Trainee: 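Pasting a structure below so you can have a look.
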Amino acid sequence: MVTRFAPSPTGELHLGNARTALFNQLLARRAGGRFLLRIEDTDSERSVDAHTRGLMADLRWLGIEWDAGPDREDGLGPYRQSQRGARYAQELAVLERTGAVYPCFCTALELSLSRRAQLAAGRPPRYAGTCRALTESERAARLAGGVSPTLRFRVPGGERIDFIDMVHGPQSFLSDDIGDFVVRRADGTAAFFFSNAVDDARMGVTLVLRGEDHLANTPRQLLILAALGLPTPAYGHVALLVGADGTPLSKRHGAASVRDYREQGYLPEAIANHLFRLGHSSAPHGLLTREEMAHAFDPAHLGRSPARFDEQQLKVWQKDAVHRLPAAAAREWLAPVLPAGLDEQSAAAFTAALLPNLLLPGDASPWVEIVFGAPPALEPEAAELVRAAGPGYFSAAAAAAARAGGDLPAIAGAVRAATGRKGADLYMPLRVALTGRAHGPELAPLLKAMPPGKARERLARFA
RNA sequence: GCUCCCUUCGUCUAGAGGCCUAGGACAUAGCCCUCUCAAGGCUGUAACACGGGUUCGAAUCCCGUAGGGAGCGCCA
């Protein structure tokens, strides 16, 4: 099995595209096949090289690696469409020779006028066929006039085009519903329907799993492939991803690209796991590794209805992924909010203490201040607890801290001996005196992360 | 406008005529555990868009309605 992901570098990696990339890679990996990355940059106006690099970086960050692509060429490339012009010219020449395509001299203005007129008349806005039956001399005359034509595919009349969609089942379209479409632009570059279909065939792609927006266009590609005598891949069209409000996912929803979430501190494993179950179901629950995903991915369980990219659900995965972060990776993830120049050991202790309570790195910022900064002011609730505990409580605590440093059991033990308190009565005053807050991470590891002497100093304030 | 696709708990989904008094996960509520939070354990609330058929029997098949989406580009 050979699958592919074929983005056009006109922006950042969209979550919906990231999902189709993930599905395709999983499909190939599970079957022991190959996964290709092809950059569809035939539109030089909108294609930006920086986006190609960004796309590849985001894909790799997400853990999606390709077997062949622009930076990993094999004999079937190049994997940038902008470099495949000569190949397209060859195929196009075949189509011209067989009369499957014809030059069209209509201007953009004529075409849009025609479209508008048809729409107004309650008809589908299809190409009217103006240039379809031009004679050789008429063509020569227009050519002489200096107009460079596009090439249109001559869609045969009265045919039925059938194919089986892997997710939607049997599909049937009428060729009479399809207007003649452009396969080569006036500037000589190949158009999407053509280059996309031809490349899939030439690169040996056997399964095209893509967004549902391509479903109704598939017959056009089948027509091209048939005219060229090229093999057709199997097709599958997954429903689009929508936002929490059910409308197509876009910037309006705050974030729609992988980059957006990456910059907020979301982990690739969290995003991949969320995407994995959107429009797809698999038996195992819980956070899956890449291997587990490849094993559990089931194309028979691809959904036909649009799935919502739900941030609340993403956060559940994120929490899980954060909790499972190995110590070194956790420190790196938290590095942006850690104080500059913090020693390795303190950073490790702080990270270990905070990790169970974090969703995003920014959540740790207040605690950086509490642990490493000046003694925190007490919240009203906290002040009340301190007052109720009284100076005796804190002189015992401070004395114990002076002896034992950041060892919570030692401090608590000393206070218990001095006051007879236990449970919440014993621990809460310590917590609020040390952190200023009634809520927070587990106290024992937090104390270990505090610079030496800080605990004693803070407890002594109330002695 | 025309063609096509879609519609099960809040969310992701299981479900291919009787196994469905519709299952699971997450979210949510309550309880337990507990120095707080988190984690964990237990219990609960919660859905077949609507209307007609077909059938002994329909979430599952057919028709229609409503709602959502896509395509009809010298964009991909």
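In the text below, chain A, chain B and the rest are named by the order of the sequence lines, each starting its count at 1. Given the structure is predicted, the values throughout are model-derived calculations rather than measurements.
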Trainee: Rounding to the closest angstrom, what is the interatomic distance between B/C62 and B/U7 at atom P?
Mentor: 13 Å

Trainee: Using a cut-off of strictly less than 4.0 Å between a heavy atom of the residue and any atom of RNA chain B, enumerate the qualifying residues of residues 409-430 of chain A by number.
Mentor: A/G423, A/A424, A/Y427, A/M428

Trainee: Suppose you measure atom P in B/C20 against the same atom in B/C32; what distance do you get, rounded to whole Å?
Mentor: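 Approximately 34 Å lies between the P atom of B/C20 and that of B/C32.
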
Trainee: Base contacts versus sugar-phosphate-only contacts with protein, heavy atoms under 4.0 Å: please encode nucleotides 39-50 of chain B as B, S and - from 5' to 3'.
Mentor: S-----------

Trainee: Roughly how many Å is it from CG in A/L241 to P in B/A70, rounded to a whole number?
Mentor: 13 Å

Trainee: Walk me through it: do A/D165 and A/R304 pass the test salt bridge (charged side-chain N to carboxylate O under 4.0 Å, His left out)?
Mentor: CA-CA 11 Å; A/D165 187 280; A/R304 296 150 303 276; over 6 Å; no

Trainee: Going by the rule side-chain contact (heavy atoms from CB on, under 4.5 Å), which residues pair with A/T150 if we only count those two or more places apart in sequence or in a different chain?
Mentor: A/C104, A/R152, A/V182, A/A186

Trainee: Give a yes/no answer on whether the side chain of A/R115 brings an N or O atom under 4.0 Å of OP1 or OP2 in B/C2.
Mentor: no

Trainee: Assess whether atom NE2 of A/H323 is packed by more than 12 heavy atoms of other residues, nucleotides or ligands within 6.0 Å.
Mentor: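 Check passes, neighbour count above 12.
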
Trainee: Summarise how protein sits on nucleotides 6-14 of chain B as a single string, 5' to 3': B when a protein heavy atom is under 4.0 Å from the base, S for sugar-phosphate-only contact, - for no contact.
Mentor: SS---SSSS

Trainee: Hey, can you pull the donor-acceptor pairs under 3.5 Å for the side chains in residues 210-227 of chain A, sequence neighbours left out?
Mentor:
from, atom 1, to, atom 2, distance (Å)
A/R210, NH1, A/T218, OG1, 3.3
A/R210, NH1, A/Q221, OE1, 3.4
A/R210, NH1, A/H237, NE2, 3.2
A/R210, NH2, A/N196, OD1, 3.3
A/R210, NH2, A/Q221, OE1, 2.5
A/E212, OE2, A/H168, NE2, 3.1
A/N217, OD1, A/R220, NH1, 3.2
A/T218, OG1, A/H214, O, 3.0
A/T218, OG1, A/L215, O, 3.2
A/T218, OG1, A/H237, NE2, 3.2
A/Q221, NE2, A/F193, O, 3.0
A/Q221, NE2, A/N196, OD1, 3.1

Trainee: With a non-hydrogen cut-off below 4.0 angstrom, is A/S112 in contact with a base, only sugar-phosphate, or nothing?
Mentor: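 A/S112: no heavy atom of the nucleic acid under 4.0 Å.
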
Trainee: Rounded to whole angstrom units, what separation is found between the NE2 atom of A/H214 and the C1' atom of B/C75?
Mentor: 10 Å

Trainee: Of all residues at least two apart in sequence or in a different chain, which pass the side-chain hydrogen bond (donor to acceptor under 3.5 Å, both in side chains) check with A/Y393?
Mentor: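 A/Y393 satisfies side-chain hydrogen bond (donor to acceptor under 3.5 Å, both in side chains) with no other residue.
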
Trainee: For the ring pair A/F181 and A/Y127, is the centre-to-centre distance below 6.0 Å?
Mentor: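 No, the ring of A/F181 stays outside the 6.0 Å limit from the ring of A/Y127, centre to centre.
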
Trainee: Contact class for A/D213 vs. all strands (heavy atom < 4.0 Å): base, sugar-phosphate, or nothing?
Mentor: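 Sugar-phosphate contact only.
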
Trainee: What does A/C106 touch in the nucleic acid at a heavy-atom separation under 4.0 angstrom: a base, only the sugar-phosphate, or nothing?
Mentor: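 Contact class for A/C106: base.
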
Trainee: With a non-hydrogen cut-off below 4.0 angstrom, is A/Q171 in contact with a base, only sugar-phosphate, or nothing?
Mentor: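 If one applies the 4.0 Å heavy-atom cut-off, A/Q171 turns out to touch the sugar-phosphate alone, with no base involved.
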
Trainee: When you compare B/U11 with B/G53, how far apart are their P atoms, in angstrom units rounded to a whole number?
Mentor: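 It comes out at 31 Å once rounded to the nearest Å.
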
Trainee: Nearest-Å distance, CG (A/L249) to P (B/G69)?
Mentor: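 Computing the A/L249:CG to B/G69:P distance gives 14 Å.
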
Trainee: Take atom C1' in B/A14 and the same atom in B/A59, then report the distance between them in whole Å.
Mentor: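 Those two atoms are separated by 12 Å.
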
Trainee: A/R308: which residues meet the side-chain contact (heavy atoms from CB on, under 4.5 Å) condition with it, sequence neighbours left out?
Mentor: A/V242

Trainee: Donor-acceptor pair, distance only, cut-off 3.5 Å: does the side chain of A/R19 make one with the backbone of A/L278?
Mentor: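 Answer holds: yes.
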
Trainee: Sort out the partner of B/C61 for me: Watson-Crick or G-U wobble, both distances under 3.5 Å, none otherwise.
Mentor: B/G53

Trainee: Of the residues in residues 187-198 of chain A, which ones touch RNA chain B at a heavy-atom distance under 4.0 Å?
Mentor: A/F192, A/F193

Trainee: Categorize A/P356 for me: base, sugar-phosphate, or nothing, with a 4.0 angstrom heavy-atom threshold over every strand shown.
Mentor: sugar-phosphate

Trainee: Please determine if A/E381 and A/R437 form a salt bridge, counting it only when a charged side-chain N lies under 4.0 Å from a carboxylate O.
Mentor: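 Result for this pair is no, no salt bridge flagged.
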
Trainee: List the residues meeting side-chain hydrogen bond (donor to acceptor under 3.5 Å, both in side chains) with A/S281, not counting sequence neighbours, and say none if there are none.
Mentor: A/H301

Trainee: I'd like to check the side-chain contact (heavy atoms from CB on, under 4.5 Å) partners of A/P375; sequence neighbours left out, ordered by chain and number.
Mentor: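 Testing A/P375 for side-chain contact (heavy atoms from CB on, under 4.5 Å), a comparison that skips the adjacent residues, returns A/E457, A/R458, A/R461.
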
Trainee: Would A/R38 and A/D200 pass as an ion pair if we require N to O under 4.0 Å?
Mentor: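 Answer for the salt bridge query: yes.
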
Trainee: Using side-chain hydrogen bond (donor to acceptor under 3.5 Å, both in side chains) as the criterion, list what pairs up with A/T289, not counting sequence neighbours.
Mentor: A/E292

Trainee: Please identify each residue that fulfils side-chain hydrogen bond (donor to acceptor under 3.5 Å, both in side chains) with A/R132, with sequence neighbours left out.
Mentor: A/D180

Trainee: Checking all strands, does A/R220 fall into the base, sugar-phosphate, or nothing category for heavy-atom contacts under 4.0 angstrom?
Mentor: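 It contacts sugar-phosphate atoms only.
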
Trainee: What integer distance in Å separates A/L151:CG from B/C74:P?
Mentor: 13 Å

